[in-house]
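Structure first, then comments.
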Amino acid sequence: MSEVESPQYTAKDFSSDQDVRWCPGCGDYSILKQVQSVMPEIGVEKEDIVFISGIGCSSRFPYYMNTYGMHSIHGRAPAIASGLKVANPDLSVWVITGDGDALSIGGNHLIHLLRRNFDLNILLFNNEIYGLTKGQYSPTSPEGKVTKSTPMGSIDHPFNPLSLASGADGTFIARAMDRDPKHLRDILRDANSHKGTSLVEIYQNCNVFNDGAFGQFTDKDTREDTTVFVEHGKPMIFGKGGSKGLILENATPRVVDLTTGEYTVENLWVHDKYNRFKADVLMRCFEVPEENGLPRPFGVFFETERPCYEDMLHEQIDYAIERKGKGDLDALLAGTNTWEIK
Amino acid sequence: MENQISEKSTRVREEKKDVTILFAGDSGDGIQLTGSQFSNTSALFGNDISTFPNYPAEIRAPQGTIAGVSGFQLNFGSVEIYTPGDLCDVLVVMNAAALKANLDKLKIGGTLIANTAGFDKKNLKLAGYVDMRNPLENDFHGKYRLIEIDVTKLTREALKDSDLGTKEKDRSKNMFVLGFLYWMYNRELAPTEGFLKEKFAKRPDLVESNMAVLKAGYHYGDTSEVFTSRYEVKPAPMPTGKYRNAMGNQALAIGLIAAAQKAGLSLFYGSYPITPASDILHELARHKNFDVRSFQAEDEIAAVTSAIGASFAGNLGVTASSGPGIALKGEALGLACILELPLVVINVQRGGPSTGLPTKTEQADLFQAMYGRNGEAPIPILAPASPKDCFEMAFQATKIAVEHMTPVMLLSDGYIANGAEPWMYPSASDLGEIAPKYAAKAEDEVFLPYKRDAKGVRPWAKPGMKGFEHRIGGLEKADLTGDVSYDPDNHQKMVKIRAEKISNLAHVFPAQEIDQGEMGAQLCILTWGSTYGAVKTAVKEMLETGYSVAHIHVKYLYPFPKNLETLLKSFDQVLVPELNNGQLVRIIRSEFLIDAKPLNKIKGMPFTSIEVKEEALKFINS
């Protein structure tokens, strides 16, 4: 791409001519809006942006973006995006997927995409339910979840998507939610700035089949006690009026009360997104807050630098050309052993 | 060759038109290398050749057992050669198991060369000779010409001054056999010497030891009193031109590279390792300086979908596999079909169903290629006839995929993939052009991604092209715009449009020719894929005898060339030999209402020309 001034776009420029067809009240609307708002800020020409999705409610997303896009098949968006990125590393690629698409039918592609570290962004809309097929439990639904396919409650143990991503050596791992647009936009910008595969899990409310699944994290009454928004270099404070904090004791997080005088902000765990071990501990804060009191963290958990697959692939091609010269088709056709019949 | 090889003047020189040799031994005996060296040397000498490696599914099956026997058959001649031969003139066995597994392939009166060291009690037991009677002491006399050589002992003797360990010395015993056969057929050692120097560039001691054993084998033939005749197989009268040896998978890979270059496209190859297709990946990965992007994906589905992603971005997306992998790719092929993006899909068929016979050949995936997708998803199907033809058909498959914006299926098989033959290779400038149809429009014009040209082909707009931003997907799309559409009439229209685009290729494909014989013959033998050679040989012999027979070989299987029906209807009878339970024959019957008859072989092995001829004669005589 040539060095030109950042294009002057508005969010509206990224809205396609298609009617958005999610259910009224769906959390996807907010995510779409935040993505369209952030796009003008990333400094990429519209024609160099590609949205790739699989199957599911969230995967309709590309149809609504006035960029290049592909609504592909169930679970395969990461693999399609891999080929796309190899073919043209200059593109800004966004994979749109859901909990079923990314973690169930497409689980294999997701982990391999993360370990290869293609430079692209994955937005994983997690609503803990299968919406498009009308309400079966998903690989992130909690145990005991009663759905159409689990009338006696789910006996499947759910994935912890962020720990899974960490296990696959993801280089940027973050969590956001549909109900906090400003924070979501911040995370989207960070994800875009990261060179490598950025995984952003977005809690998204399915108001038809799983309404309020994340209510405790989004409702005004509870959210301050159940969530902690982590920022690099800042202590982990949460609770009403900043009344609580997290400390790290023997590699185990614990909630402390900041109002009694026993603990001050100085004692708290300061978030270091470059520390893999601590990030893993943070991702493990995944229990139901009422049960152990630990809040659910949001923000960028982990970030590190690692070479990207597509860059290394093209370096090998460049090196091969440097060493052997640009491919000579006649030499290839002839091979090394020839003879002539006259 | 530096050394002068003397020859005893008393030797009889016997001239032969063609010879079939089968090398057989343990899978660790270097049989494939021995066979391919003899092939290369004979090809360089000017013989026409055809080869057939036949190896076990296990990498190192228990030594000395039947399961571990590896074979390499080659047919070379001073006449045109179309198959690796039916029965062998010479069978080389390195141990008892190799003999037991292959003796039925030796002609009566043929030559049996046996490594006696492989016939000790242990080997006899492993091979399952229960009475422990050495078959070499049997009454082979009169039935076969038996040449017993203690290869192991003679190899060690040849290397008695070498510092190599016994194990390493024994590893070169295949060179003794090769040397001996070079003597028998009066071949030069120089090509193999060149090969060894390249292979062991960093181990000059191994070049030396292997050459010592190769020469020892050669001299053994010359000096031993046992052997009275040498054979001469003169160069074949092949068309003038430049030749090289080509293996099927290798020629296929080169065809893909050539096509991508001619189309001005970068080649993206997404693949998951599978026998017998992996060699295409290996070959392509070697040619990165042709801007080949080979991608070993996490599974078969990622292999094909990454290729679709690459094609969307403007590369030539290619994926290959064998039947089980193609089954996994099925849904993605439907996606490529509805997206209308270029995609070349190669199936190097093997014995099925399921894992089946991974290292054996079969043609049982034609139905899969034709019908193996959900919904109405027609895909053009092409099939090469022989190893060298893989080049041409890979080139043509790419041309169709790119110029008609469609996935194309190329059906090779294990027999073609691993077989080799001399190839009169083209020069780059002889190859046809491939012209991608990139999107173009006036600046203020709205881009319609599914607006078609006269051939029904939609434009290719790749990300990065300003003003062509568009969304495509697996949902049914409205005509012209490509927007999602659930309209019933539109769906029917789009299904018909996509089908017609593919069926119209019948007018693009070359007209079907009769390979041998004339229209209106009493019998037509109709073939596809790797059965070409055996049937060609059979029909040639039948025509020479004066039978009314013809041979038609179809390389374009979907759609069929437009004149195929007329041709087929001119014959009294049509026989369709296939390495399956009857697939092309059923398609022919249903397409053309012709009472075509099947000839099926489902043994993981190719037809012999004798088998074809025997069946064909039943039709002609009846």
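Only this structure's heavy atoms are used, side chains among them; waters, hydrogens and symmetry mates stay out. Here is how names work: the chains are called A, B, and so on, in the same order as the sequence lines, proteins then strands, and each is numbered from 1.
The 12-atom threshold is not exceeded at OH of Tyr319(A), counting heavy atoms of other residues, nucleotides or ligands nearer than 6.0 Å. Counting non-hydrogen atoms of neighbouring residues, nucleotides and ligands closer than 6.0 angstrom, the NZ atom of Lys441(B) exceeds 12 such neighbours. Remark: Glu41(A) CD is packed, more than 12 non-hydrogen atoms of other residues, nucleotides or ligands lying under 6.0 Å away. Crowding of Asp19(A) atom CG: a count of heavy atoms from other residues, nucleotides or ligands under 6.0 Å not exceeding 12. Sparse packing is recorded around OH of Tyr272(B), with 12 or fewer heavy atoms of other residues, nucleotides or ligands lying under 6.0 Å away.
The line from CD of Glu469(B) to CD of Glu45(A) is 9.5 Å long, rounded to the nearest 0.5 Å. How far CG of Leu335(B) is from NE2 of His74(A): 14.0 Å, rounded to the nearest 0.5 Å. Rounded to the nearest 0.5 angstrom, Ser266(B) OG and His314(A) NE2 are separated by 7.5 Å. Distance check: His470(B) NE2 to Asn66(A) CG gives 12.0 Å after rounding to the nearest 0.5 Å. To the nearest 0.5 Å, atoms CZ (Arg76(A)) and OG1 (Thr305(B)) are separated by 7.0 Å. A distance of 7.5 Å separates CD1 of Ile105(A) from CD1 of Ile301(B), quoted to the nearest 0.5 Å.
There is no contact between Ser311(B) and chain A, counting heavy-atom distances below 4.5 Å. With a threshold of 4.5 angstrom between heavy atoms, Ser427(B) approaches chain A through its backbone and through its side chain. Only the side chain of Tyr425(B) comes within contact range of chain A, judged by heavy atoms closer than 4.5 Å. With a 4.5 Å cut-off on non-hydrogen atoms, Val292(B) touches chain A through its backbone but not through its side chain. Contacts of Gln261(B) with chain A are made by side-chain atoms alone, with heavy-atom separations under 4.5 Å and no backbone atom involved. Neither the backbone nor the side chain of Ala303(B) comes within contact range of chain A, judged by heavy atoms closer than 4.5 Å. Contacts between Phe268(B) and chain A at a heavy-atom distance below 4.5 Å involve the side chain alone, from C-beta outward. Heavy atoms of Leu339(B) lying under 4.5 Å from chain A belong exclusively to its side chain. For chain B, the nearby part of Val50(A) is the side chain; its heavy atoms alone come within less than 4.5 Å. Looking at Phe51(A), there are no atoms closer than 4.5 Å to chain B (heavy atoms on both sides), in backbone or side chain. There is no contact between Ala307(B) and chain A, counting heavy-atom distances below 4.5 Å. Within the 4.5 angstrom heavy-atom criterion, only backbone atoms of Lys342(A) (N, CA, C, O) approach chain B. Heavy atoms closer than 4.5 Å to chain A are found nowhere in Pro235(B), neither backbone nor side chain. Contacts between Ile472(B) and chain A at a heavy-atom distance below 4.5 Å involve backbone atoms as well as side-chain atoms. Neither the backbone nor the side chain of Ala246(B) comes within less than 4.5 Å of any heavy atom in chain A.
With chain A as the partner, the residue from Gly194(B), Gly241(B), Gly474(B) showing the most heavy-atom pairs under 4.5 Å is Gly241(B). Among the candidates Ile257(B), Asn315(B), Asp291(B), the residue making the largest number of heavy-atom pairs closer than 4.5 Å to chain A is Asn315(B). Of all the listed residues (Asp483(B), Ile338(B), Val304(B)), the one sharing the greatest number of non-hydrogen pairs under 4.5 Å with chain A is Asp483(B). Of the residues considered (Glu198(B), Lys466(B), Arg244(B)), Arg244(B) shows the highest number of contacts with chain A, using heavy-atom pairs under 4.5 Å. Ranked by heavy-atom pairs shorter than 4.5 Å toward chain B, the options His112(A), Lys46(A), Glu322(A) are led by His112(A). Ranked by heavy-atom pairs under 4.5 Å with chain B, the first of Asn108(A), Ile55(A), Ile52(A) is Asn108(A). The choice from Leu313(A), Asp318(A), Ile80(A) that makes the most heavy-atom pairs within less than 4.5 Å of chain B is Ile80(A). Between chain B and the residues Ala320(A), Gly69(A), Ala81(A), the most heavy-atom pairs under 4.5 angstrom are made by Gly69(A). Heavy-atom pairs under 4.5 Å with chain A were tallied for Lys242(B), Glu298(B), Gln250(B), His287(B); the largest tally goes to Glu298(B). Interface check for chain B: of the options Thr67(A), Asp330(A), Asp328(A), the most heavy-atom pairs under 4.5 Å are formed by Thr67(A). The choice from Lys262(B), Met424(B), Met465(B) that makes the most heavy-atom pairs within less than 4.5 Å of chain A is Met465(B).
The backbone N or O of Gly325(A) sits less than 3.5 Å from a side-chain atom of Asn289(B), completing a donor-acceptor pair. A distance-only check finds no donor-acceptor pair linking the side chain of Arg471(B) to the backbone of Tyr64(A) [under 3.5 Å].
Taking 4.5 Å as the limit, every side-chain heavy atom of Thr336(A) sits out of range of all side-chain heavy atoms of Phe195(B). Side-chain atoms of Leu431(B) and Leu329(A), non-hydrogen and from C-beta on, do get closer than 4.5 Å to each other. Between Met70(A) and Ile308(B), the closest side-chain pair of non-hydrogen atoms falls below 4.5 Å. Asp299(B) places a side-chain heavy atom less than 4.5 Å from the side chain of His109(A). Asn337(A) is listed as a side-chain neighbour of Leu44(B), based on a closest heavy-atom distance under 4.5 Å. The shortest side-chain heavy-atom distance between Leu332(A) and Phe290(B) falls under the 4.5 Å cut-off. The shortest distance between side-chain heavy atoms of Ile321(A) and Lys288(B) does not fall below 4.5 Å.
Considering all non-hydrogen atoms of both residues, Ile73(A) and Ala332(B) come closest at CD1-CA, 3.6 Å. The two residues Ala313(B) and Ala87(A) come nearest to each other via the heavy atoms CB-CB, 3.5 Å. The shortest heavy-atom contact between Met238(B) and Ile341(A) is O-CG2, 3.4 Å. Annotation for Asp48(A) and Gly464(B): closest pair OD1-CA, 3.3 Å, computed over non-hydrogen atoms.
With sequence neighbours left out, Ser321(B) forms a side chain to side chain donor-acceptor pair (under 3.5 Å) with Glu300(B).
Ring-plane geometry between Tyr243(B) and Trp339(A) is classed as parallel, the angle between the planes falling under 30 degrees on a 0 to 90 degree scale with a further cut at 60.
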* To do: Report the C-alpha separation of Tyr68(A) and Phe468(B) in whole Å, then their side-chain angles, then the decisive distance to 0.1 Å, and conclude whether the side chain to side chain contact (heavy atoms under 4.5 Å, CB included) test is met.
  => CA-CA 8 Å; Tyr68(A) 280 92; Phe468(B) 292 89; 3.2 Å; yes
